[in-house]
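Below is one structure, written out as structure tokens, with a few remarks after it.
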Amino acid sequence: MTTAARKAALPAGLTRAQLLELYYWMRLTRSLEEKLVALYRQTKVVGGLFRSLGQEADAVGSAFALDRTKGDILSPLIRNLGSMLVQGATPIEVLRQYMAKADSPTRGRELNIHFNDLARGYLGQISHLGDMVTVMCGVALSFKIRKEPRVGLVYIGDGAMSTGAFHEGINFAAVQRLPLVIVAENNGYAYSTPIHKQTAVKFLVEKAAGYGVAGDQADGNDVLAVYEVTKRAVDRARSGGGVTLVELITYRRKGHAEHDNQGYVPKEEIEAWEARDPIDRYLRQLETSGWASRADLSAIDARVTSEIDAAVAQCENEPFPAPATALDGVLASAPAADLEWYRSL
Amino acid sequence: MTTAARKAALPAGLTRAQLLELYYWMRLTRSLEEKLVALYRQTKVVGGLFRSLGQEADAVGSAFALDRTKGDILSPLIRNLGSMLVQGATPIEVLRQYMAKADSPTRGRELNIHFNDLARGYLGQISHLGDMVTVMCGVALSFKIRKEPRVGLVYIGDGAMSTGAFHEGINFAAVQRLPLVIVAENNGYAYSTPIHKQTAVKFLVEKAAGYGVAGDQADGNDVLAVYEVTKRAVDRARSGGGVTLVELITYRRKGHAEHDNQGYVPKEEIEAWEARDPIDRYLRQLETSGWASRADLSAIDARVTSEIDAAVAQCENEPFPAPATALDGVLASAPAADLEWYRSL
Amino acid sequence: MTQVTYLEAIRDGLREEMERDDRVFMMGEDIGNYGGAFKVTEGFQARFGAERVIDTPISEVAIVGAAAGAAHMGLRPVCEMQFIDFLSCAYSILTNYVATARYRADLKTPMVVRGPCGGYVRGGPFHSQNPEAAYLHTPGLKIVAPATARDAKGLIKAAIRDDDPVLYFEHKFLYRRIKEDLPDGEDIVTPIGEARLAREGAHLTVVTYSAMVFKALEAAEVLAKEGISLEVLDLRTLLPFDEDAIVASVKKTNRALIVHEDTRTGGIAGEITARINERCFEWLDAPVRRVCAHDVPLPYAPTLEDFVLPQTDDIVKAARWMVAY
Amino acid sequence: MTQVTYLEAIRDGLREEMERDDRVFMMGEDIGNYGGAFKVTEGFQARFGAERVIDTPISEVAIVGAAAGAAHMGLRPVCEMQFIDFLSCAYSILTNYVATARYRADLKTPMVVRGPCGGYVRGGPFHSQNPEAAYLHTPGLKIVAPATARDAKGLIKAAIRDDDPVLYFEHKFLYRRIKEDLPDGEDIVTPIGEARLAREGAHLTVVTYSAMVFKALEAAEVLAKEGISLEVLDLRTLLPFDEDAIVASVKKTNRALIVHEDTRTGGIAGEITARINERCFEWLDAPVRRVCAHDVPLPYAPTLEDFVLPQTDDIVKAARWMVAY
Ligand SMILES: Cc1ncc(C[n+]2csc(CCOP(=O)(O)OP(=O)(O)O)c2C)c(N)n1
Ligand SMILES: Cc1ncc(C[n+]2csc(CCOP(=O)(O)OP(=O)(O)O)c2C)c(N)n1
Ligand SMILES: [Mg+2]
Ligand SMILES: [Mg+2]
């Protein structure tokens, strides 16, 4: 035990192991993305690369509020890698996806974290923003119809809230009183567009009332606050209280994707948010509250590094998918599409 | 002057002539629709027939708040016949539309009140609900870009507010601070669907805050209240104050269309609203306040009847459009589409 | 045997599947208490409860999206579009999310989207559409369009049992005009992907579907008196359509006329022509031709609508020309 | 003469029209300060102001709808879709409202919707689409798809000046890969509706457009060495396409191969085949054939994408087969 002479009481109803787990998931998220940056620079990532730097608490803390033993399901966005890891996606799966490997969860068909495992509890997004809110309505509707005590959670960005699909989805969920939590990530930007060009309200949570759903808000860079606010919403959903729109205030510290140099953002703004880095902050909190020792945390860091290194080593030289596998599985019932006539010439 | 010994002060900044005009438009709306019902029963109306019975104050009072000398433009819905009449659409145009006459404003191409005259100030709807909110954003945007002191007004039903298009439109208008008034008509139903199956809020005006726009509400069966609430919104828009969502509480006393027998509505509900009939009520108000005499009103009734009768007489036996006119004007630049090859055989 | 209309056949098919499989449920605007704009689901909410017959807000994207999510979880949703013209509102989620779900992510998405299509009822440009061409182009979807009461029933049942997303286009002109005797108690299931030979003939193959089947049969009657024998193929499934049946027929008659109610340019007839041309080139004694709607939005006035849409006489004329070629 | 890329040509065309006509303005996501995801409108907001270069919320329906409304009022909006794949979100308002506005209501709706289409860039299923087939079917729209820098400029200028709504599909693979010398100061306007003879030849007509033009030209080079002479027709406009140019070429070469990057079933090749068959039946010495993408959503992995999309070698093989037929 380090400097903190006395341990503060454990927060948010979490055990010490869970507190360390939160740290682990955030660290894993960040380190995995950093590794992906390195691979991207080596042109080993096939497409674009998207970062959640500074938003790890938001993704991890909210996902952690779900109950994996009950079969809760979430639908992540591009900056919610952390939430998928919490639900059981593994680093090697993510690496394989980005590198378009034959053995990636989508067999090289879809990119980055667009992949699913309903058994583990995540339903990957498609690019078209907003749609997943409606799809998660259906997932939550199945819980309601079958009277299962399960909860759905879907993320939505400040930008994506401008889509018609978001509106139709949240309204549908509200009317049906579905067990759904909608996590609105206010990270200041949608690509280059600042939030005031996206909506005329200051806070996204102001939209809750117009749908007749509960609204709540938290500091998205405080993983325990994120956990608590989401947990309240999850509990409400599970107990039949319907939808909650949870706003998490955070900040996108990198560009929209790696290619975006963020020229449209004042340097000081980024620096100010760097000072509020969710991992640094949680690390200090753990130490000063006496919930974890430096050694505990270093052990986690080491574990993360070795897990990622092992995953990279394992998959780096794996092959791309065999070309003709591209034809399988468009329909359940039909055989694979025929080769075009000229291919056989 | 009848029983009202003393005249009440004229309301809402309106002149006596304007008060009578409001009565005229409401009466014209109702009588024209009643005539259409008769024609419908004689199978002279080609397609369906939609009534605004009980909602005449809503359509007329709101449209009357626009300034026709300034070039304000509104976009009506199916129950806003009154608003189009106020803007200058004529009974014969409406009759021709319903009867699909060659000389109808759309030359028999579109039905009922789906027609336009931007010069007079109305842009007809298409069937797809919600879309007109976005189109009216563009109209209002043109006012803003050209710095014209003009205002746009668009109607939206309690049902249509569930569409993605509504959301994208109102949000776009809010962010751009467009000179746009959005009139939400809460008439209790969307086809057979009661409002509580459409939204989890009690009042539509509750949605304003979530878009960061002004919200206001009035009794939609009180034409003066409708006028005043809309006028405030129009003035706000014209003076650069941006969007207002105005909710008018009213009631659809007929089925969705003539074929709908309203089996899903308790009789007492309809009766209760019958007692609040906007025309009867306004008529009483005019008389008891001494703003109009029974004779004034009877004269208006007579004028309405004769105008409608004349219009019917004039257009009833007009021809349908000539078949081959169906080919003109799909594109501006292209000639009329060719006849199909087999037609010339 | 019971005489049923096309509409009743759809209703019976839906009801039987709801009874057979409790994973089947419905969503749509006004489908509950009201029974739908055309009363297809009349009585369903009373019979199956409000959780299996769900009245939705006016939100086509949410209806389709929620159906997909529920389908992933093992349910079998059937969505009603009040008019198929409003399916366009869900175009993006249908083509991007639903159609690709299996391919990109191994997600099971058994769901049906059905609704009234078609003209000849003075519905104007937004209550008369035939949207098949917009979806024909989407790998991962199936499309069916029944013409007969038997197939209306058989295809809705097949669509619900199918493991892929199926668009089911029911023609509103046929709803109450087509009546057929159907055997009681038979589990009528029309295989998706198989055309039906609606009339055997020798001189010309007419490839068609939905309401146009009856116009083609009328034309065949007229032409029979002139000694011209039409073979009428009712596709029933538009995606994937029964190429083999078309090819077999065209190789027999050596002539093909494609008839659809949809507009010409970009309609499904183009694709069918291409397939015939690819596989029957040596057999063709005349160019493949089309009878379709003119390339305009469908106008409202009877004179205009009748002019724009294909009529029996158009088929007769076209067929005479082709046989004389 | 200045050497410009395809992307710069678009930018120059846009800029020139903005300068020429103050009714022209732009809306789109991130097109202002950022200059658009591909930087097509870089510098425009600084040059023309935030009222003529409007950053919008992520609302494709609102963008298209607002453009229509502004166009009715006499402005000339140009909308950018960040990727053309998101045009699908506006499918309903485009096909139902915009395309029909003139026909049903005499409304002038001069507007352009442009955005990056196409694959070969490892963009996966939602950043690589070729959506032309979905709109080909819509009377009232025009569609253009330039292949060269000259036409990229000439068609954006023509599209902006056109009195009808025009969809302008720019191929992202070509953005920085195609460079051309364009004369300074010339007002380059490519007429909408006219194809371009990209290469004259005798044995086979290849009808194509956009990025596939270059693959066809590569194939023509390969085949020239074998004594096979391809005529390559670059459609440039897809709706209404230049049927006369196709017919003239096919009547000369007696063979037609249609090449497009879009998937096969329901693609524009079907329509072109039908037109050729209708007008050149007697001239054809071989069936019209197609080289297109396989009927699957476009996958991400290089091996898969390369397999699914048409390659030069596919055209070479197909052409050999056709000429030998
Ligand atoms: C319907 C749609 N339009 C446009 C895009 C292109 N696009 C991808 S991400 C993005 C910005 C998203 O911003 P936000 O929702 O705030 O999420 P963040 O990136 O900040 O996490 C845009 C415009 C899209 N994916 N979908
Ligand atoms: C996008 C869309 N979906 C469905 C319909 C079919 N429809 C026409 S009117 C209507 C009900 C509209 O209700 P509301 O908006 O409350 O207007 P009201 O009829 O009460 O005036 C429906 C569902 C439509 N026109 N557009
Ligand atoms: Mg954001
Ligand atoms: Mg209503």
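Naming convention: chains lettered A, B, ... in sequence-line order (proteins, then strands); numbering from 1 in each chain.
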Check each atom of C:E60 against the heavy atoms of chain D and say whether the ones under 4.5 Å are side chain, backbone, both or neither. neither

I'd like to verify something: which residue of C:A274, C:A269, C:P125 has the highest number of heavy-atom pairs under 4.5 Å with chain D? C:A274

Heavy-atom distances under 4.5 Å only: say whether D:L284 touches chain C with side chain, backbone, both or neither. both

Nearest heavy-atom approach of C:A133 to D:H137 is CB-CD2, 3.4 Å

Do D:F86 and C:S92 have side chains that get closer than 4.5 Å, going by heavy atoms? no

CD1 on C:I268 to CD on D:E271, rounded to 0.5 Å: 12.5 Å

Is a side-chain donor-acceptor pair under 3.5 Å present for D:R275 with C:T273? no

Engaged part of D:R279 at the chain C interface, taking heavy atoms whose separation is under 4.5 Å: neither

C:A286 portion near chain D, given a 4.5 angstrom heavy-atom threshold: backbone

Is it true that, when you exclude C:K108 itself, more than 12 heavy atoms of the residues, nucleotides or ligands shown sit nearer than 6.0 Å to its NZ? no

Taking every non-hydrogen atom, the tightest pair across C:Y91 and D:S88: CD2-O, 3.8 Å

Looking at D:I272, D:D262, D:I276, D:L87, which makes the most heavy-atom pairs under 4.5 Å with chain C? D:D262

Give me the atom names and distance for the closest heavy-atom approach of C:V288 to D:N277. O-ND2, 2.6 Å

Answer with side chain, backbone, both or neither: which region of D:F241 has an atom nearer than 4.5 Å to a non-hydrogen atom of chain C? neither

Provide the closest heavy-atom pair for D:P299 versus C:Y103 in the form atom of the first, atom of the second, distance. CG-OH, 3.6 Å

Which atom of D:T100 lies closest to which atom of C:F126, heavy atoms considered: OG1-CZ, 3.8 Å

With chain C as the partner, which of D:D85, D:T263, D:N96 has the greatest number of non-hydrogen pairs under 4.5 Å? D:N96

Could you look at C:I258 and say if it's the side chain, the backbone, both or neither that has a heavy atom under 4.5 Å from chain D? neither

As an exercise: rank D:R289, D:Q129, D:R104 by heavy-atom pairs under 4.5 Å with chain C and give me the winner. D:R289

In terms of heavy-atom contacts, D:V296 and C:P139 come closest through N-CG, 3.7 Å

